[in-house]
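Positions are given from 1, in the same order as the sequence printed here.
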Amino acid sequence: MSVDPMAYEAQFFGFTPQTCLLRIYIAFQDHLFDVMQAVEHVILKKLEGIPDSEISPVQIRKCTEKFLCFMKGRFDNLFGRMEQLILQSVLCIPPNILLPEDKCQETHPFNEEKFQLLKKEIEELQEKYKVELCTEQALLAELEEQKIVKAKLKETLTFFDELENIGRDHGTSNFRESLVSLVQNCRKLQNIRDSVEKQSKRLETW
């Protein structure tokens, strides 16, 4: 059996030529075996009608097997020639023939140089994809951080709104002005505290 995979023929036929020939070979072997069994059965029936026959069923079986081996050998010899003829002249697509789905190769021939260029382009696209993927991951991480900051900012604004509402409940109309006044008073108190501390240190030194 030929070792050439004949992939192009398999693309066209839907099966490899070697598979087809193998099935023919197996089918003939099975048919030959069935025929020899039938012949042996007929001979044995004939011997039953011959009284005092010196031919035994064992001898018939040996002769049948010997004839089967002879026929198998002859068939293997003929099948080898038939296989070569079929693979070269019947189930073979000539090298100058293109299948319909490959007709584009006539107008766009393919060669090693184009293959290397295409391979290089694929590698560049893969690298760009990796960069884009890393960028996407970084943007997603930044988006998550923005969501956290937004949530904290919302909490802070809610806190100030609550403080402003409390200020209104206690008679303060403008929370921002109250907050500025509170900061100024805190600074004044801090200055007073610093002044008191200085006076205390002077008294201690006296």
Side-chain angles (χ1 to χ4, degrees), residues 1-24 26 83-84 86-198:
M1 193 69 66
S2 173
V3 295
D4 182 5
M6 303 184 72
Y8 206 50
E9 286 75 8
Q11 179 181 337
F12 176 72
F13 293 113
F15 57 85
T16 62
Q18 292 89 341
T19 301
C20 177
L21 290 172
L22 180 61
R23 290 178 179 177
I24 293 174
I26 294 174
E83 177 192 9
Q84 185 177 5
I86 291 176
L87 292 180
Q88 291 180 353
S89 303
V90 180
L91 299 178
C92 177
I93 299 178
N96 61 327
I97 299 298
L98 288 175
L99 297 180
E101 58 268 28
D102 297 328
K103 285 291 185 181
C104 61
Q105 294 186 18
E106 290 182 343
T107 54
H108 303 283
F110 192 76
N111 54 38
E112 183 65 23
E113 182 180 358
K114 290 184 177 180
F115 173 74
Q116 293 299 330
L117 290 175
L118 182 60
K119 184 178 179 181
K120 183 179 180 181
E121 183 178 353
I122 292 174
E123 291 175 353
E124 291 176 353
L125 289 175
Q126 288 176 340
E127 289 298 324
K128 289 182 179 179
Y129 172 75
K130 291 179 182 179
V131 172
E132 292 293 334
L133 188 61
C134 293
T135 304
E136 181 182 2
Q137 294 297 328
L139 289 175
L140 289 175
E142 184 178 351
L143 182 61
E144 290 298 324
E145 292 179 359
Q146 290 180 358
K147 288 181 180 179
I148 295 173
V149 172
K150 184 178 179 181
K152 290 183 178 180
L153 180 61
K154 186 176 181 181
E155 292 177 0
T156 303
L157 292 175
T158 302
F159 173 73
F160 279 114
D161 289 339
E162 292 175 354
L163 287 179
E164 189 171 359
N165 291 333
I166 292 172
R168 288 174 181 174
D169 293 340
H170 290 77
T172 302
S173 60
N174 193 320
F175 173 73
R176 291 182 177 83
E177 293 179 357
S178 298
L179 184 61
V180 171
S181 176
L182 179 62
V183 171
Q184 291 176 350
N185 290 331
C186 287
R187 289 177 178 174
K188 289 179 181 180
L189 289 174
Q190 187 176 6
N191 292 332
I192 294 172
R193 186 197 66 180
D194 294 340
S195 177
V196 170
E197 288 180 351
K198 289 179 180 179

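With a 6.0 Å radius and a threshold of 12 heavy atoms from other residues, nucleotides or ligands, Gln84 has its CD atom at or below the threshold. Annotation for Phe12: atom CZ does not count as buried by contact number, only 12 or fewer foreign heavy atoms lying within 6.0 Å. Counting non-hydrogen atoms of neighbouring residues, nucleotides and ligands closer than 6.0 angstrom, the CD atom of Glu123 exceeds 12 such neighbours.
A salt bridge (Lys or Arg N to Asp or Glu O under 4.0 Å) check over residues 131-144, counting only residues at least two apart or in different chains, returns the pairs Glu144-Lys147.
Note: Gln88 CD to Glu83 CD = 10.0 Å, rounded to the nearest 0.5 Å. Atom CG in Leu21 sits 5.0 Å away from atom CD1 in Ile86 (nearest 0.5 Å). Here the CD-CG distance, from Gln137 to Leu140, works out to 5.5 Å after rounding to the nearest 0.5 Å. Rounding to the nearest 0.5 angstrom, the gap separating the SG atom in Cys134 from the OH atom in Tyr129 is 10.0 Å. Atom-to-atom distance recorded for Thr16:OG1 and Leu22:CG is 8.5 Å, nearest 0.5 angstrom.
With Ile122 as reference, Gln126 is the one residue of Glu124, Lys119, Gln126 to meet the side-chain contact (heavy atoms from CB on, under 4.5 Å) rule.
Counting only distance, with no hydrogens or angles, the side chain of Glu9 and the backbone of Ile93 share a donor-acceptor pair below 3.5 Å.
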Output, in order, the C-alpha distance, side-chain angles, deciding distance and verdict of side chain to side chain contact (heavy atoms under 4.5 Å, CB included) for Thr19 and Arg23.
-> CA-CA 6 Å; Thr19 301; Arg23 290 178 179 177; 3.8 Å; yes

Test Leu91 against Cys20 for side chain to side chain contact (heavy atoms under 4.5 Å, CB included), laying out the working first.
-> CA-CA 9 Å; Leu91 299 178; Cys20 177; 4.3 Å; yes

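For Ile148, the side chain to side chain contact (heavy atoms under 4.5 Å, CB included) partners at least two apart in sequence or on another chain are Lys152.
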